[in-house]
Number of protein chains: 2
Amino acid sequence: MIGDRHIAALDQILELVVLVNDDMTRSLARAGLTVSRTHLLWELRRHGPTTQRDLAAALKVSARTVTGLVDGLETTGFVSRQPHPTDRRATLVTFTERGRQTVEAMEHGQQEFAHLLFAEMPAERFDGFTAGLGEILDRLRGIGLAQSQPGDDR
Amino acid sequence: MIGDRHIAALDQILELVVLVNDDMTRSLARAGLTVSRTHLLWELRRHGPTTQRDLAAALKVSARTVTGLVDGLETTGFVSRQPHPTDRRATLVTFTERGRQTVEAMEHGQQEFAHLLFAEMPAERFDGFTAGLGEILDRLRGIGLAQSQPGDDR
DNA sequence: CAAAATAGTGAGCATGACTCACGGTGTGGT
DNA sequence: ACCACACCGTGAGTCATGCTCACTATTTTG
């Protein structure tokens, strides 16, 4: 029956999630980073100097969590805290030179990773994959994600 | 150029990872579970009553970590510790009735989730997707996963 | 039978997430 | 102009997950 093939495909997706997660975590550890702290650096990359409050909203975590992430990134020299020019309550988080260079190196590494995954794939298969993936993403986003219960993770 | 399409596809994959992770975590929280504890339950489901040492090997974590996971699952009533019949050093971790029912419910939920993702997808697109996904998984597994540097996670 | 290996756990550490409470600052209503 | 309220960041404390080191109890091995 068809159902079995669907379950097998879901198992493949779950394996992909695990492999990609593990790979990212290892790569980031080599660079002296964690996944959460990297999220924060990417937000800085997108939006430039940002208050901790805005970072909390963008990363969907509490303000207290951002304090901890910035503490860590400041200790290891990737970002620095600057007073906000007009609001003395707020602090602006900005890249240090080292932080900026690290993020640029990560962007380059990401391109290499994409090349590694797709470079030798026939165009037809690549297109078929992205078409299916796009549809799956639409459903995941659309269903609100809150009702379904995959119940497991591999 | 083609490279841009590859990067876009990688971004899709990273979004998928995030969405699936978040959805799983939420679903499990509703059931009173966490990802790691669920891994342990699935191992019990596959292999029946198991020593903590074997669970540690299966889950690729330290023995000490298994102690903590079993502590939590025992407190919330999903598993119980039984003395090993022949080795008085070891303990066998077994399902409680509640634990067994919970895992069966999760399996059912996973089937619903697969149905939700794939049910209305044309067979041709489904096949194209799984073909591409299979090739990507082969590369991820094969490359050892340790050399590449995606550097980012969304 | 003594020495070495194994099974589980206590203690202690780090990360990342949360809440609650609190001090300092900005803003709006009267 | 002022006071009450809202907002920003952080200290303190909690929980889950991982780790190592040290220890006891037991089994296996030489």
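Only this structure's heavy atoms are used, side chains among them; waters, hydrogens and symmetry mates stay out. Order of the sequence lines sets the chain letters (A, B, ...), proteins ahead of strands, with each chain counted from 1. Being a predicted model, the structure only gives us computed values, none of them experimental.
Heavy atoms of other residues, nucleotides or ligands lying less than 6.0 angstrom from CD of A/Gln101 number more than 12.
If you measure from atom NE2 of A/His39 to atom P of C/dT15, you get 18 Å, rounded to the nearest angstrom. For the pair B/Leu59 CG and D/dC19 C1', the computed distance is 15 Å after rounding to whole Å. In this structure, B/Gln82 atom CD and C/dA7 atom P are separated by 19 Å, rounded to whole Å. Straight-line distance from the CG atom of A/Leu69 to the C1' atom of C/dC18: 13 Å, rounded to whole Å. The CG-C1' distance, from B/Leu28 to D/dA16, rounds to 13 Å in whole Å. Rounding to whole angstrom units, CZ of residue A/Arg53 and C1' of C/dG24 are separated by 17 Å. As a whole-Å value, the separation of B/Asp71 CG from C/dA11 P is 13 Å. Separating the CZ atom of B/Arg26 from the C1' atom of C/dA17 is a distance of 15 Å, rounded to the nearest angstrom.
Here B/Arg64 lies in heavy-atom contact (under 4.0 Å) with a base. Residue B/Thr65 is in base contact, counting any heavy-atom pair closer than 4.0 Å across all strands shown. Using a 4.0 Å heavy-atom distance criterion, A/Ala63 is classed as a base contact.
With the nearest nucleotide of DNA chain D identified for both B/Gly68 and A/Arg81, A/Arg81 has the one nearer the 5' end. Along DNA chain C, the nucleotide closest to B/Thr50 and the one closest to A/Lys60 are compared, and the more 5′ of them pairs with B/Thr50. For the pair A/Thr86 and B/Gln52, nearest-nucleotide mapping onto DNA chain C gives the more 5' position to B/Gln52.
For A/Arg89 and D/dC7, a side-chain-to-base donor-acceptor distance below 3.5 Å is present, hydrogens and geometry of angles not being considered. In the interface, the side chain of A/Arg88 is not paired with the base of C/dT25 through any donor and acceptor atom under 3.5 Å apart.
Distance from the side chain of B/Ser36 is smallest for D/dG18 among the nucleotides C/dT9, C/dA17, D/dG18. The side chain of A/Thr67 has D/dG9 as its nearest neighbour among D/dG9, C/dT25, C/dT19. Which of C/dA17, D/dC19, D/dT26 sits closest to the side chain of B/Asp87 comes down to D/dT26.
Between B/His115 and B/Glu112 there is no side-chain heavy-atom pair separated by less than 4.5 Å.
In this structure, B/Arg98 satisfies the cation-pi test against B/Phe78, with its NZ or CZ atom closer than 6.0 Å to the six-membered ring centre and inside 45 degrees of the ring normal.
At least one side-chain nitrogen or oxygen of A/Ser62 sits closer than 4.0 Å to the OP1 or OP2 atom of C/dC18.
A/Arg125 contributes no side-chain N or O that, together with a main-chain N or O of B/Ala131, makes up a donor-acceptor pair within less than 3.5 Å.
Ring orientation note: the planes of A/Phe118 and A/Phe129 are tilted relative to one another, at an angle of 30° to 60°.
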